[in-house]
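Values in this document were obtained by computation on a predicted structure and should not be read as measured data. What's counted below: heavy atoms across the whole structure, side chains too, no hydrogens, waters or symmetry copies.
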Amino acid sequence: WNGDCEATCDSIFTATLLKDELVCEFPCTTGDYRVYDSTCSATCSSPPYTQTPYKGENVCDYTCGPGEFLYEDGTCRQGCPDYMDPSYSGTAAYCDTPCPAQFVNDWDGSCSATCDTPHVTATLFTGISVCQYPCDANEYLYDDSSCDTACPTYFDTVITDSRQYCQYPCVPGGATEFAYEDGSCETACPWNTVVIATERVCESPCGYQSTDFIMDDGTCGGATCNSPGGTSVDYVQDTYKGLNRCTFPCGGDWLYWNGDCEVSCPAPYTQNTIATENFCENPCPAAGDFLNIAGTCDATCDPPFVQSTFKGEDECRSPCPGSAVYDDGDCDATCHASFTSTTVSGETYCDFPCANSAHYVYDDGLAGSCTATCVSPSTEVDLVEEDVHGFNLCTFPCGTDFLFWD
């Protein structure tokens, strides 16, 4: 078309026999491009061929060498990644994105509108946005987009296809929550705070997956749940976040030997305060002993006391709570005037004042002391013998009046 003579007519042009002469014609409309694949195009941009003027006409030429792919940015590169879309036309090889105007995921070639963390965004070639899994095959991808060959405790291991992730189970960022070894999350940590890969975990003072008991003061108490030294009352065993805990459960109240909490620890029980923790102890913990109201430990429970149990322990108690009790077990609002009234731990006892329980006690003291018989100070008139709760009284029955001989 320009008057030149050539030995051959390139395959992208049209060879025509005209009046027994060979003519090589430009088959496209004036201004269009003759493309490498023998088509005509108004532009030379898709695929991004190289614009080459040829004998005054526009030609879109494929300039990549053997084994090379023509990319969308017009460059030639060896190979086409697995996540890209290769195509072939004759000897021409093309490498295109399968996700125009989107991210192509480098692990499977799928498309996504966004590239979510911990994946990493990259623009490998002009106009091609790639969402990358940046770790090697033996590594774990962390929430902060870093890679490591191990996933530590407290983190969750997630494997998707061939990709390995090490995920923090709580709100990421290391600022608001702590991860516990049971996989739960809390905003506070009562034990050891440890930072792993910028994230916070709450570590047991006894170590990871230990069955030892954690004490109230944040220390490791060992394999048993014992209270501090010097007290016979044990702490209460429970679990928290799947870990064994040994706790003082009563706040400012008193912890009893059976684990109960009470607001007071009355006598005859023993009060024992260690630091800020109050223990109410039984002073007679030995099997077979009875705690007497006076605070003594007795092998038997003698009258007038009665056997009872309190929080699982044996005691000797008054049979008359709130009233006075005599040695025969009878109850009265108050003690007879001839008896000695004794109050122990809030309980009132009416004691016979004579050492010999068979003697007589005088109601007005006229005879002076306890005697074997009831003798009147008058030789003519006898006093009255009276039995009071099983004891002998020698009484003057007339008050301020005269007692006659009969």
J.: Does Asn138 offer a backbone N or O that forms a donor-acceptor pair with the side chain of Asp136 under 3.5 Å?
T.: no

J.: To the closest 0.5 Å, what do you measure between OG (Ser41) and CG (Asp32)?
T.: 7.0 Å

J.: Please name all residues satisfying side-chain hydrogen bond (donor to acceptor under 3.5 Å, both in side chains) with Asp302, sequence neighbours left out, ordered by chain then number.
T.: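 For Asp302, the residues satisfying side-chain hydrogen bond (donor to acceptor under 3.5 Å, both in side chains) (neighbours in sequence not counted) are Thr300.
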
J.: Mind checking what makes salt bridge (charged side-chain N to carboxylate O under 4.0 Å, His left out) contact with Glu385, not counting sequence neighbours?
T.: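 Result, salt bridge (charged side-chain N to carboxylate O under 4.0 Å, His left out) vs Glu385: none returned.
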
J.: For Phe69, does the six-membered ring have the charged nitrogen or CZ of Arg77 within the cation-pi criterion, i.e. under 6.0 angstrom from the centroid and within 45° of the normal?
T.: no

J.: Ignoring hydrogens and geometry, is there a side-chain-to-backbone donor-acceptor pair from Asn258 to Asp260 under 3.5 Å?
T.: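 Such a contact is found between Asn258 side chain and Asp260 backbone.
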
J.: Is a salt bridge present between Asp238 and Arg245, judged by a nitrogen-to-oxygen distance below 4.0 Å?
T.: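 Looking at Arg245 together with Asp238, the answer is yes, because their closest N to O distance falls below 4.0 Å.
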
J.: Sequence neighbours left out, what passes side-chain hydrogen bond (donor to acceptor under 3.5 Å, both in side chains) with Glu262? Give chain and number order.
T.: Lys311

J.: Please say which of Glu181, Glu203, Glu186 ends up in a salt bridge (Lys or Arg N to Asp or Glu O under 4.0 Å) with Lys241.
T.: Glu186

J.: If I take atom CG from residue Asp351 and atom CG from residue Asp327, how far apart are they, to the nearest 0.5 angstrom?
T.: 6.0 Å

J.: Give the table of side-chain donor-acceptor pairs shorter than 3.5 Å for residues 93-100, with sequence neighbours excluded, one pair per line with atom names and distance.
T.:
residue: Tyr94; atom: OH; partner: Tyr49; partner atom: OH; Å: 2.5
residue: Thr97; atom: OG1; partner: Cys99; partner atom: N; Å: 3.1

J.: What pairs with Asn292 under side-chain hydrogen bond (donor to acceptor under 3.5 Å, both in side chains), at least two apart in sequence or on another chain?
T.: Asp298

J.: Distance from Cys206 atom SG to Met215 atom CE, nearest 0.5 Å?
T.: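 It comes to 9.5 Å.
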
J.: Tell me whether Asp82 at atom CG has more than 12 heavy atoms from other residues, nucleotides or ligands lying less than 6.0 Å away.
T.: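 Not more than 12 within 6.0 Å, no.
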
J.: Are Tyr269 and Trp257 an aromatic pair by the rule of ring centers under 6.0 Å?
T.: yes

J.: Do we see a donor-acceptor contact under 3.5 Å between the side chains of Tyr235 and Glu277?
T.: yes

J.: When you measure from the side chain of Asp328 to the backbone of Asp330, do you find a donor-acceptor pair of N or O atoms at a distance under 3.5 Å?
T.: yes

J.: Output yes when a side-chain donor or acceptor of Tyr165 lies under 3.5 Å from a complementary backbone atom of Pro118, and no otherwise.
T.: no

J.: Which value, rounded to the nearest 0.5 Å, describes the distance between Cys316 atom SG and Ile293 atom CD1?
T.: 10.0 Å

J.: Verify, without hydrogens or angle tests, whether Asp106 (side chain) and Tyr133 (backbone) share a donor-acceptor contact under 3.5 angstrom.
T.: yes

J.: Answer with yes or no after comparing the ring centroid distance for Phe305 and Tyr349 against a 6.0 Å cut-off, counting only values under it.
T.: yes

J.: If we ignore hydrogens and angles and just use 3.5 Å, is the side chain of Asp73 paired with the main-chain N or O of Thr75 as donor and acceptor?
T.: yes

J.: Could you tell me whether a side-chain N or O of Asp143 sits under 3.5 Å from a main-chain N or O of Pro172, the two making a donor and an acceptor?
T.: no

J.: Under a 3.5 Å cutoff, is there a donor and acceptor pairing between the side chains of Asp61 and Thr63?
T.: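 No pair is found: no donor N or O on one side chain lies under 3.5 Å from an acceptor on the other.
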
J.: Should the pair Phe339 and Tyr326 be assigned to parallel (<30°), tilted (30 to 60°) or perpendicular (>60°) ring geometry?
T.: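 Aromatic pair Phe339/Tyr326 classed perpendicular.
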
J.: Quick check for you: to the nearest 0.5 Å, what is the distance between Met84 atom CE and Ile128 atom CD1?
T.: 3.5 Å

J.: Return each pair, listed once, that meets side chain to side chain donor-acceptor pair (under 3.5 Å) where at least one residue sits in residues 206-216; pairs must be two or more places apart or across chains.
T.: none

J.: As an exercise, state the distance from CG of Asn244 to CZ of Phe213, rounded to the nearest 0.5 Å.
T.: 4.5 Å

J.: Determine whether a donor-acceptor pair (N or O, by modelled atom type, separation under 3.5 Å) exists between the side chain of Asn278 and the backbone of Thr273.
T.: no

J.: Does the Gln271 side chain pair with the main chain of Cys280, one donor and one acceptor, at a distance under 3.5 Å?
T.: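 Flag not set: sc Gln271 to bb Cys280 has no pair under 3.5 Å.
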
J.: For the pair Ser264 (side chain) and Pro266 (backbone), establish whether a donor and an acceptor sit closer than 3.5 Å, ignoring hydrogens and angles.
T.: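 No; zero donor-acceptor contacts below 3.5 Å.
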
